[in-house]
Amino acid sequence: MYAQLVKTDAARLRTLDEMDPQERAFQERIDAGEKIEPKEWMPEGYRKTLVRQISQHAHSEIVGQLPEGNWITRAPTLERKAILLAKVQDEAGHGLYLYCAAETLGISRDEMYAQLHSGKAKYSSIFNYPTLSWADIGAIGWLVDGAAIMNQVPLQRCSYGPYARAMVRICKEESFHQRQGFHIMSVLAKGSDAQKAMAQDALDRWWWPSLMMFGPSDDASVHSAQSMAWNIKQDSNDALRQKFVDQTVPQARFLGLTVPDPDLAWNEEKGGFDFGQPDWDEFYAVIAGNGPCNRERLQARKDAWDEGAWFREGLSAHARKKADRRMAQAA
Amino acid sequence: MSSEWPLWEVFIRGQHGLNHRHVGSLHAPDAEMAIHHARDVYTRRNEGVSIWVVRSADIVASAPSKKGPLFDPANSKVYRHPTFFDIPDEVGHM
């Protein structure tokens, strides 16, 4: 997902009876479906886990602009260019909503940027793959944003108020992203043989990385169990992956494209598809910084920050000058 | 020294003559830029007809620990709601 492998610091899940009265009252509020708001008491583990999860999510939105930004100047029509520009601008907005939500937990924006730029904070593995053709822009909207929606829709009901509210805004906008991607794919799939081959090639390259977005199986994970108890994660990684496959395979067939998985087969008994496993060694390599584009993505992000410094400083200087003038006039 | 821009809270008046409503926050060096940023971050889809921004540091909030003393007293004053009073059916709408 946009936040993969989020650690909770929990050694094991504790029962209500093992908690001190304050923590127990907190857990009971969550169990009753109440929202936790900034400045209210919360266990340190809850706060730290949320900072990790929300900042990772925010970083993913910000870095996620890069693979698509690559195609803004090369979009095939003016309309496609305007649409892609709007989508990439939305991703920036999503990052900003999420950074603000994380800041309510006591971490500063600069600290989060520093963690991203130093490589300490992670972002989703998916954005470390290259966008080689225009069809990749279609595949990203359809598959990557489609996978993101699977996880983000339930997060609208998560226990932390600012995160849940940010997610409501994001989900409203995300549907546009998925549909524009599917539309690009459907135009290519109905086009010339070369265009159809381009769409198939994009599906072949993005299918497995999209399945990796949900993270490895976490049915036995303490972190996952703790996050579920805190209602900041609602479904297991495998459950979301299954849902994604079940929803997406018929769409691929509608497009006349072939999902690149020889093990894919309908299982009547479970009412879903059986499918193969992604290459988890590749996943861990990408997470560790050794994917096809990790260095390029991080460098582009650092360059944007460093090369924009003069502009940020200029705006700050202008604000100080105006404030000083107002003070002088008032005196 | 941190050069981080101050935080602003953003309030938007929607299309239908409603109150300005809190929609989120953002960082900006001054009020003018805060309005510009608010337009880009919070009104990309015609969400509003007017924007207010206010420095977060200038907002005074009630303490979460005061929730009980501040709000509990209203619980026992059900007579403040019109449904507290039974009006006979033959009186009609009131």
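First the proteins, then the strands, lettered A, B, ... as listed; each starts at 1.
The existence of a salt bridge linking B/Arg21 and B/Glu47 is excluded, since no basic side-chain nitrogen approaches an acidic carboxylate oxygen closer than 4.0 Å.
Take B/Thr43 and apply the side-chain hydrogen bond (donor to acceptor under 3.5 Å, both in side chains) test, not counting sequence neighbours, and it matches no residue. For B/His22, the ring-ring contact (aromatic ring centres under 6.0 Å, His included) criterion is met by B/Phe11, not counting sequence neighbours.
Highest contact tally toward chain B, considering only A/Gly93, A/Cys100, A/Ala101, is held by A/Cys100 [criterion: heavy-atom pairs under 4.5 Å]. When the candidates A/His318, A/Gln89, A/Lys172 are compared by the number of heavy-atom contacts under 4.5 Å with chain B, A/Gln89 comes out ahead. Among B/Asp40, B/Asp30, B/Val23, the residue with the largest count of heavy-atom pairs under 4.5 Å with chain A is B/Asp30.
A 6.0 Å sphere centred on NZ of B/Lys66 holds no more than 12 heavy atoms belonging to other residues, nucleotides or ligands. Around the CG atom of B/Asn19, the shell of radius 6.0 Å holds no more than 12 heavy atoms that belong to other residues, nucleotides or ligands.
A/Arg165 forms no cation-pi arrangement with A/Tyr97, by the criterion of a distance under 6.0 Å to the ring centre and an angle within 45° of the ring axis.
With hydrogens and angles left out, the side-chain atoms of A/Ser316 and B/Trp5 include a donor and acceptor closer than 3.5 Å.
Heavy atoms of A/Ser108 lying under 4.5 Å from chain B belong to its backbone as well as its side chain. For A/Lys322, the part sitting under 4.5 Å from any heavy atom of chain B is the side chain, from C-beta outward, and nothing else. For A/Tyr113, no part lies near chain B; criterion is any non-hydrogen pair under 4.5 Å. Heavy atoms of A/Leu315 lying under 4.5 Å from chain B belong to its backbone as well as its side chain. For a residue to count as touching a neighbouring chain, one of its non-hydrogen atoms must lie under 4.5 Å from one of that chain's; by this rule B/Pro29 touches chain A with backbone and side chain alike.
How far CD1 of A/Ile170 is from CD of A/Glu91: 9.0 Å, rounded to the nearest 0.5 Å. Note that the CZ atom of A/Phe311 and the CD atom of A/Glu313 stand 12.0 Å from one another [nearest 0.5 Å]. Note that CZ of A/Arg301 and CD1 of A/Ile62 are 6.5 Å apart. Values are rounded to the nearest 0.5 Å. For the atom pair A/His177 NE2 and A/His94 NE2, the distance stands at 5.0 Å (nearest 0.5 Å). Atom NZ of A/Lys87 sits about 6.0 Å away from atom CD of A/Gln180, to the nearest 0.5 Å.
At a heavy-atom separation below 4.5 angstrom, chain B is approached by no residue within residues 20-35 of chain A. For residues 42-52 of chain A, heavy-atom neighbours of chain B at less than 4.5 Å comprise no residues at all.
You'll find the ring centres of B/Tyr42 and B/His37 outside the 6.0 Å limit.
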